[in-house]
*Asks:* 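Provided herewith is a single structure, encoded as structure tokens, for subsequent inquiry.
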Amino acid sequence: MRVLKIAVLASGRGSNLKALLNASDTGRLSAEIVLVGSNKADAGALEIARKRGIPTCHLSSQQFKSSEEMDQALLETLREHQAEVVALAGYLKKIGSAIIREYKNKILNIHPALLPAFGGKGMYGAKVHQAVLDYGCKVTGVTVHLVDEEYDSGPPILQRCVPVQQDDTVETLAARVLQQEHVIYAEALQLFAECRVEVHGRQVLIKQ
Ligand code: GRF
């Protein structure tokens, strides 16, 4: 079985990174995480990676004159570690066009709602679940999608529903959605490991 080389970019605690490492340890994901990058020096994800001896990089906008320069540095780091696929897991910086061009249809993001609802700039973390509850939705979920130049706007690869319960709070809902995130991200990446993903415009086809 082919081993897919994945770079994970994360700005926060890194529970999705942990789930991907676990999926790879237990054989559900045929992948090696070759790099973990963050724009936040204190991201939990970097700590998780260091403990496992996974190469890390911290690139933040303060270190560069422009976002193009930062993108270039990130692109070179991805190349250096021979990443084939980039998995965004709570990475709060926009990915620049140079990286999107080079990794066309190879950059994934996970979003804690059913896109195109409750996505876009500024819609992350608790804000997403609060908006779902405020709207009175009966169902929310998780979307793993390809990344394009806008926030949360690339075509979905996999989506999964999570029912909203009448007594849900942001915390209880976020926790149930997160459980699904931890399952579905590895599944989506495994499709790439098995070369089963074909992209036709906005249609992402899964080959049997
Ligand atoms: C997850 O909810 C993910 O869907 C979103 O950011 C969060 C990251 O959580 N994009 P973690 O750092 O993986 O725990």
Side-chain angles (χ1 to χ4, degrees), residues 6-25 28-29 31 33 35-52 54 56-60 74 85-95 99-100 106-133 137 139-164 168-190:
I6 302 175
V8 176
L9 302 182
S11 304
R13 67 194 155 178
S15 75
N16 275 287
L17 168 65
K18 236 189 212 164
L20 293 179
L21 288 166
N22 186 262
S24 140
D25 291 346
R28 281 178 292 123
L29 175 59
I33 295 183
L35 174 73
V36 174
S38 185
N39 59 327
K40 300 267 181 224
D42 59 353
L46 290 179
E47 193 50 35
I48 293 168
R50 282 191 208 107
K51 282 198 182 127
R52 303 252 321 200
I54 298 169
T56 59
C57 74
H58 166 234
L59 297 176
S60 87
L74 180 54
V85 160
V86 181
L88 309 185
Y91 186 62
L92 296 177
K93 273 207 83 70
K94 216 174 191 180
I95 299 291
I99 303 178
I100 292 182
K106 300 277 183 212
I107 309 175
L108 289 75
N109 182 42
I110 186 156
H111 185 76
L114 295 174
L115 291 173
F118 307 111
K121 192 168 163 43
M123 280 303 263
Y124 61 89
K127 284 187 215 162
V128 176
H129 306 295
Q130 186 66 64
V132 166
L133 292 176
C137 289
V139 162
T140 182
V142 182
T143 303
V144 178
H145 64 95
L146 291 171
V147 171
D148 62 14
E149 307 212 2
E150 302 304 323
Y151 285 104
D152 299 328
S153 81
I157 303 162
L158 291 179
Q159 292 190 296
R160 199 134 303 158
C161 294
V162 174
V164 178
D168 261 332
T169 60
V170 165
E171 290 72 27
T172 59
L173 186 56
R176 281 206 320 289
V177 169
L178 193 63
Q179 274 178 4
Q180 287 306 314
E181 293 186 39
H182 292 166
V183 176
I184 196 181
Y185 215 0
E187 286 179 11
L189 285 160
Q190 181 60 16

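Keep in mind that what you see is a predicted model, and the values were worked out from it rather than measured. Both ligands and their constituent atoms are indexed starting at 1 by order of listing. As a basis for the values below, the full set of heavy atoms in this structure was taken, side chains included, without hydrogen atoms, waters or symmetry mates.
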*Asks:* Give the residue and atom name of whichever protein heavy atom lies nearest to atom 8 (C) of ligand 1, and the separation in Å to one decimal.
*Replies:* Gly90 CA, 3.8 Å

*Asks:* Looking at side-chain heavy atoms only, is the closest gap between His182 and Asn16 below 4.5 Å?
*Replies:* yes

*Asks:* What pairs of residues pass the salt bridge (Lys or Arg N to Asp or Glu O under 4.0 Å) test when at least one of them lies in residues 139-160, not counting sequence neighbours?
*Replies:*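 The answer is Lys94-Glu150, Arg160-Glu187.
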
*Asks:* What's the shortest distance from atom 13 (O) of ligand 1 to any protein heavy atom, and which residue and atom give it?
*Replies:*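 Looking only at protein heavy atoms, the one closest to atom 13 (O) of ligand 1 is Asn16 N, 2.8 Å.
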
*Asks:* For Ser15 and ligand 1, does the shortest N/O to N/O distance drop below 3.5 Å?
*Replies:* yes

*Asks:* Quick one: does Ile33's side chain get under 4.5 Å of Ser24's, heavy atoms only?
*Replies:*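 The answer is no; the side chains never approach within 4.5 Å.
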
*Asks:* Please determine if Lys93 forms a cation-pi arrangement with Tyr91, meaning its NZ or CZ atom is less than 6.0 Å from the six-membered ring centre and no more than 45° off the ring axis.
*Replies:* no

*Asks:* Heavy-atom count check: over 12 atoms from other residues, nucleotides or ligands less than 6.0 Å from Tyr151 OH?
*Replies:* yes

*Asks:* Would you mind listing which atoms of ligand 1 come within a distance below 4.0 Å of any non-hydrogen atom of Arg13?
*Replies:* 9 (O), 11 (P), 12 (O), 14 (O)

*Asks:* Among protein heavy atoms, which lies nearest atom 2 (O) of ligand 1, and at what distance?
*Replies:*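 Among all protein heavy atoms, the one nearest atom 2 (O) of ligand 1 is Glu181 OE2, 3.0 Å.
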
*Asks:* Check this for me - ligand 1, Gly12, N or O atoms closer than 3.5 angstrom, yes or no?
*Replies:*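 In fact, backbone or side chain, Gly12 has no N or O that close.
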
*Asks:* Going by heavy-atom distance to atom 12 (O) of ligand 1, choose the closest among Ala126, Ala10, Gly14.
*Replies:* Gly14

*Asks:* Do Leu108 and Ile110 have side-chain heavy atoms sitting under 4.5 Å apart?
*Replies:*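 Result no, sub-4.5 Å side-chain heavy-atom pair not found.
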
*Asks:* Any nitrogen or oxygen of Ile110 lying under 3.5 Å from a nitrogen or oxygen in ligand 1? Just yes or no.
*Replies:*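 There is such a contact, yes.
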
